[in-house]
Structures are given as C-alpha cells and as structure tokens.
Amino acid sequence: MNRTQIAEVVFDLPVAHPFSYSVPPHLTVVPGQRVQAPLGGAVRPGVVVGLRALDTAGVKPLAAALEPGPIMSRSQLDFARWISAESCSSLGSTSAALLPPVLPGEPMPSACEWSGNRAETPELFVGADRLARVRREIEAHAGGVLLLTADIATAADWAASLSALGPVARLDSGIADRDRRRAWNALAAGAARLAVGTRSALLAPIPPPAMLVLIDEHEAAHKPPGAPRIHSRDVVLRRAALEGARLLLPSATPSVEIWWLADGGRARLHPVDPGSWPAVSVADTRGMLRADPLTPALGRAAYDALARGRRVCLLVSRLSSALACDDCGSVPRCPECGIALAFSRVEKTLACRFCARRDAAPDTCGACGGRRLSAFGWGAERVEHALRRRFPRARIARYDPDAMRGARLAKQRQEATGADIVIGTRGALRLFEPASLGLAGFVTPDQFLRVADFRASERAFALMWAAAERVRPDGQVVIQSQHHDHYILRAVIDQDRAEFYKHELRFRAESGYPPFRRLCRVTARGRSASAARALADTCVGRLRDARLTVYPAIAERRGLAWRILVKGRADLPAHVSRALEDGGPADRRGRGMIEIEMDPVD
DNA sequence: AGCACGCCGACT
DNA sequence: GTCGGCGTGCTC
C-alpha cells in the first residue's frame, strides 16, 4: 500500500466536514491553498485546510492547484475557522465568501502571520466630527489600514476620498473581479497601504502594523444574507485582538453591545464634539392621526420650513404589526418577554415572537379600558396624498431606496433630489448632508417603538439621531408620538446618548437580551407540516438536553417551518453546534433542514 | 449545494 | 410496456 500525503479540502457547501484527497507526486500544496478537486462527479474549487500522511485507500487525487501558493496564511486560516465556528457556517462557505476571486496566472505574494502580542482597546468615535477624526487617524497611521463599510456605495465614496493619501485597494464587489484580485495582491505585497471594502474584505492581508476601521458599526447591513452569518463588528473585534491592530469604530449611535464594552472599560470612547443640534420636539398624537398624518405642530413646522425655502424630510415606517390604544397610547406587551405583541389582523391574535404565547386580540385596552384599539398605518403613499392636498405648490417626492432597485430607483432618487418635501423610509436620509434640512418629521414613529423585536428601540434611536444630525441648527425635528416621555425621545431631545444606553442596557439586563445573553435562532423546515414539527421537536429536545434556555418553537409558513429561539452565554455557538451535530447553515437531517442563525439582527 | 438513484402516474 | 415526476441521500 502506498503511503502518500492526504490533503483535507473544504468546499463551498453546507457540509461541516472536510473531504480527503491524495496529493499527486507532481503537486505541492500547503494549508490555505486553493485547489481543484473532484467531488460528486464534477471538479470543484476548494481550499486545503490540512495535510496528513495516510494510506491512499478509497481516496481520489487532487485535480490541480488553482494558485501557486496559499491565499491564506496560517493566521488567516485559523481566523476563518474561528468565524466558521462562531457563525455555525461551514469553513468552506466562509472561505468562499471571504476570499477574492481566483485569477489564473496571477502571482501569489506570501501572506503574513499575525503577531497580536499587544491587544489594543477598540476606539469609539461618536461625535459630529467622527469621520474627520478617523480620517486624521488613518493619515497619521504608519502601517496598513483596512476600512470596512456596510454597503458598496459607501465603500466607493471612501475609496475615492482616501485616494488622496496614496493607492487604495478596493476589495468590495463593486469592482471587476480582476481588479479586486489585484487589489488583494497589492496589499499582500505591500504595494498598497489602504484597503477599502465590505464584509468580503474581512480576511484581507494588511501590512503590519494594521489598523482596522468599521464604518457605522451599528448598521444591520454589516450582517448581510449569506454565509458566514456573523456581524462584521464581531469579526473585526476578534481580528484586531489577534493581529494586535487598532480598531476604530466611528458611529453616531453605536450598538448597545459596543456601548456596553465602553461602559466596562473594554472600549475607549474618544472625547465627543457634540456639534450643532436642532430643536427637537414631540407632537402629541393622542386622539389624532385619524384623517390627517400631520399634527398641527408638524403641519406648522413644515409650512415654516417651506416658506423659508428649506427642505423637509418626512419619515414614515413600513406597516405596523402591533396593536395600540388610541386613547392612552398603551401597547399590549408580552408579560414574559417584555416586547410588544405582534398583531395579526387576519387571525385577530396577539402573538409574541419570542415565547410561543398567542392570544385572541382584545376588544378593549388592558390599561385604560378604552375601546379604540388599532394597528394604524400611515404608509408613504397615504402621507404623500394628504400632503399634496395641503401643500399643492410644493414639489413632493417619495423615496424608499430599500424597497426597489435599478432604473425605478434612479428615477425616484432624481425626483427626490429636487423635491421640497421628501417622504421616505430610513434610507431616504442618505439624500441629505449633515445640518442641511429645515425640518425632519416623524409621522408615526410609535410603530418603530412597537415592533415586536427587542432591537426596535435601538433602531428607532439610531434613526432619530441620524435625522437630527441632518437638520440645520436653526431647523427642527418634530416627532409625532403618544409616548412623549419615552427614553428614546428624551435622549434625542437632549442630545444625550448616555441617557438612551443607560435605559436600554437596564432593559436588556432585566430581560436577558444581548449583550448580557446571546441569542440563536434555529429554523427547522420539513416537506410536510408533520415532518417539520417532528424535526423541530427533535431540535428542541436536543437543545434542552444541552441545558440551554430554549423557547417553544413557533410555526411559520403554515407549519412547514418552525422557529426556535435559544438563549445562552458567549459559548452559545459551540453548544448549539454540538447539540445539533454537523450543524451547518442548512444541515439536512433525514427529511428536513436545519438553519442556524447566531445573533439574529431582525 | 448539485447530482444520481429511487419508486409511482400518463404517454408513444 | 417506457418517460419522468421530485423525494432522499451522498459527495473524499
């Protein structure tokens, strides 16, 4: 029997284990190198993750090396392993998502190892001058810089702006494969010092001493669909520690997780330049908003702004799914979980998304006995109609960049750019520079406060803060709300972030939400309702056996899918993977499929 | 994820 | 009698 070298190879598949191949005598491969290997009748690209000596029984040979050397150093491969474990994604899918395209004929610069002997404290920049300060830090930094954004458009802006400081390697998918790959090589070879990208750049080789920058750390877009299911914030925190890199986090409204780190001295909050702040007021809507989306206060503010030739942005939300009392403003909440109960108009029920609680919707308000309970909806269309009647001579446009793409979006954008009044969702704020608007108005923000999601308050706070930053110092922000004393509103009125985080952290601690506990969502799908149910029951049983906090499964898609929420500590991914075995993002066991989503953001 | 091998309905 | 539906299971 021949003793040869065996290469362990992972592929872009939802399969947890590597596949073994013999290394033909004419080939030399090392861990971290990309290869071609036969699998399931076809030759597919994969990554060598290990080598060992063994007999060759029943093993096929590698077909070819895709590149002359490893694309990942030992440090990068270990780090990819960590990301894979932490996100319950396969190592193959993780590597495929975080490595540049293969280009035959390109040279392979050697990828360097990370030293990480002195861990730096992550740094928060939250003030009005945060981007200018981060830019100065980048300018002053001697080594390489990796700057990550949540979307391609922002990456393009940064690449353009940083090019004044030297060659910029763009690593996001907004540029051609060839250029992206060359940018990666330029970095590894030390020919470029500045790198800009989105999450696909998380593994990029940066010349030491490295500096990492994550723009708008709080953005949910830092955890886009697709493997690996992990927020870029968690990745850069780890990478900075391993690599001994400085990590800069500019964000007007950091995530509660990051603020908590700063509270505990594990992140450093740089001195804050508060910047200018408009007058923020709450317009009481109790008993209003039946026939008109504008309270007298907001209507007057819009009139004044238009009369002074200033622009107006009205923020609306997508449809509400919670119930509220029109008389006292109270919202039915889950007694167990503390979150607003989701209202289903069709089924006439109130349901909690976290525990499986589901009750018939009441006829009267539990707090004041009022009989007017409604899930109200002032969507963009209805608001626009009402405003056209009220301001017949104003140029009014709707803008909802998250709901459309392509030519329709471009057209809408153009109309919105020239409009006096823009009605839009959160993406509409991107149209406006800081301190440029005459008025920002929130039509029915109570819907944000009521969304059946514990992160809703964080998002509402971020949105209101972002709106206020875009209003001129002599302009106004008007928030129409029944909750005039809500801590989010107080924090925005007083321009006091700490006020928000103090309350939010107390709520999270009391209810056992992140950052104090970790969450995982397991989805069990089946062909039939009974198969799905059985699979879900199996999962719940195994997770309970692992002594994790497991909430009862909630049916979706008429019983074809079941959502299971699991709570645990920092080591939750390992426990969930072990409990469900081979748990990939879409592990098929028998007749069904399991999906594991660590730290869900929605 | 692909892709092959499996056992039950309408066609030349 | 075969062609083909997709349900199930494997890929080194």
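Everything quoted here is computed from the prediction, not taken from an experiment. Throughout, a chain's letter reflects where its sequence line sits, starting with A, and its residues are numbered from 1.
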Rounded to whole Å, how long is the line connecting atom [atom1] of [X] with atom [atom2] of [N]?
X: E8(A); N: dT11(C); atom1: CD; atom2: P; result: 15 Å
X: L51(A); N: dC12(C); atom1: CG; atom2: P; result: 19 Å
X: Y21(A); N: dC12(C); atom1: OH; atom2: C1'; result: 5 Å
X: H17(A); N: dG9(C); atom1: NE2; atom2: C1'; result: 12 Å
X: I594(A); N: dA1(B); atom1: CD1; atom2: P; result: 13 Å
X: I6(A); N: dC12(C); atom1: CD1; atom2: P; result: 13 Å
X: R44(A); N: dC3(B); atom1: CZ; atom2: P; result: 8 Å
X: F19(A); N: dC10(C); atom1: CZ; atom2: P; result: 12 Å

Minimum-distance pair of heavy atoms, taken over all atoms of [X] and [Y]:
X: L91(A); Y: V49(A); value: CD2-CG1, 3.6 Å
X: L203(A); Y: R239(A); value: C-NH1, 3.5 Å
X: R569(A); Y: R517(A); value: NH1-CD, 4.3 Å

Give the C-alpha distance, both sets of side-chain angles, the deciding distance and a yes or no for salt bridge (Lys or Arg N to Asp or Glu O under 4.0 Å) between D545(A) and R542(A). CA-CA 5 Å; D545(A) 290 346; R542(A) 285 166 180 244; over 6 Å; no
Which nucleotide, dC12(C), dT11(C), dG2(B), lies nearest any side-chain atom of V15(A)? dT11(C)
